[in-house]
Amino acid sequence: MYRVVDHIHGCKKTKYDTINEALAVAFRLAQMQTIFSNKRIHLSVMDGSKQAIDINVNQREEAK
């Protein structure tokens with residue numbers, strides 16, 4: 001079983017049977033957080049207690 005963990009907001013998403021399902025959800029969540037201008041994104045796809053995939057993005061605004 002895999003699950004998606006949002007380390008910034010402290011959310012743990014539903015459990016998924018395959019890593020592909022969990023990864024798709026993690027990327028959709030990261031995309032939505034990027035669109036709504038979060039400054040930092042840190043998501044993990046967990047396989048039990050082990051981290052299978054880490055998505056960590058630090059965004060910064062450019063001065064105009």
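Remember, predicted model here, so these are calculated numbers, not experimental data.
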Original post:
Are L23 and V5 connected in a single hydrophobic cluster, I mean Ile/Leu/Val/Met/Phe/Trp/Tyr linked by side-chain heavy atoms less than 4.5 Å apart?
Top reply: no
Original post:
When clusters are formed by joining ILVMFWY residues with side-chain heavy atoms under 4.5 Å apart, either directly or through shared neighbours, do M1 and L29 land in the same one?
Top reply: no
Between [atom1] of [X] and [atom2] of [Y], what distance do you get to the nearest 0.5 Å?
{"X": "I8", "Y": "Q33", "atom1": "CD1", "atom2": "CD", "answer": "8.0 Å"}
{"X": "F27", "Y": "I53", "atom1": "CZ", "atom2": "CD1", "answer": "7.0 Å"}
{"X": "I55", "Y": "H7", "atom1": "CD1", "atom2": "NE2", "answer": "10.0 Å"}
{"X": "I41", "Y": "Q31", "atom1": "CD1", "atom2": "CD", "answer": "10.0 Å"}

Subject >> Heavy-atom side-chain proximity of R40 to N56 below 4.5 angstrom >> reply: yes
Original post:
Can you find a heavy atom in the side chain of T34 that is under 4.5 Å from one in the side chain of V57?
Top reply: no
**OP:** Start with the C-alpha gap between E21 and V25, add the side-chain angles, then the distance that decides, and say whether side-chain contact (heavy atoms from CB on, under 4.5 Å) holds.
**Re:** CA-CA 6 Å; E21 289 176 306; V25 169; 5.8 Å; no
Original post:
Can you name the side chain to side chain donor-acceptor pair (under 3.5 Å) partners of D17, sequence neighbours left out?
Top reply: none
Original post:
With sequence neighbours left out, what residues match N20 under side-chain contact (heavy atoms from CB on, under 4.5 Å)?
Top reply: T18
Subject >> R3 versus Y16, closest heavy-atom pair with distance >> reply: CA-CD1, 4.5 Å
Can you give me every donor-acceptor pair (side chain of residues 45-52, partner residue at least two apart or in another chain, under 3.5 Å) with its distance?
unit_1: Q51; atom_1: NE2; unit_2: S44; atom_2: OG; d: 2.6
unit_1: Q51; atom_1: NE2; unit_2: D54; atom_2: OD1; d: 3.2

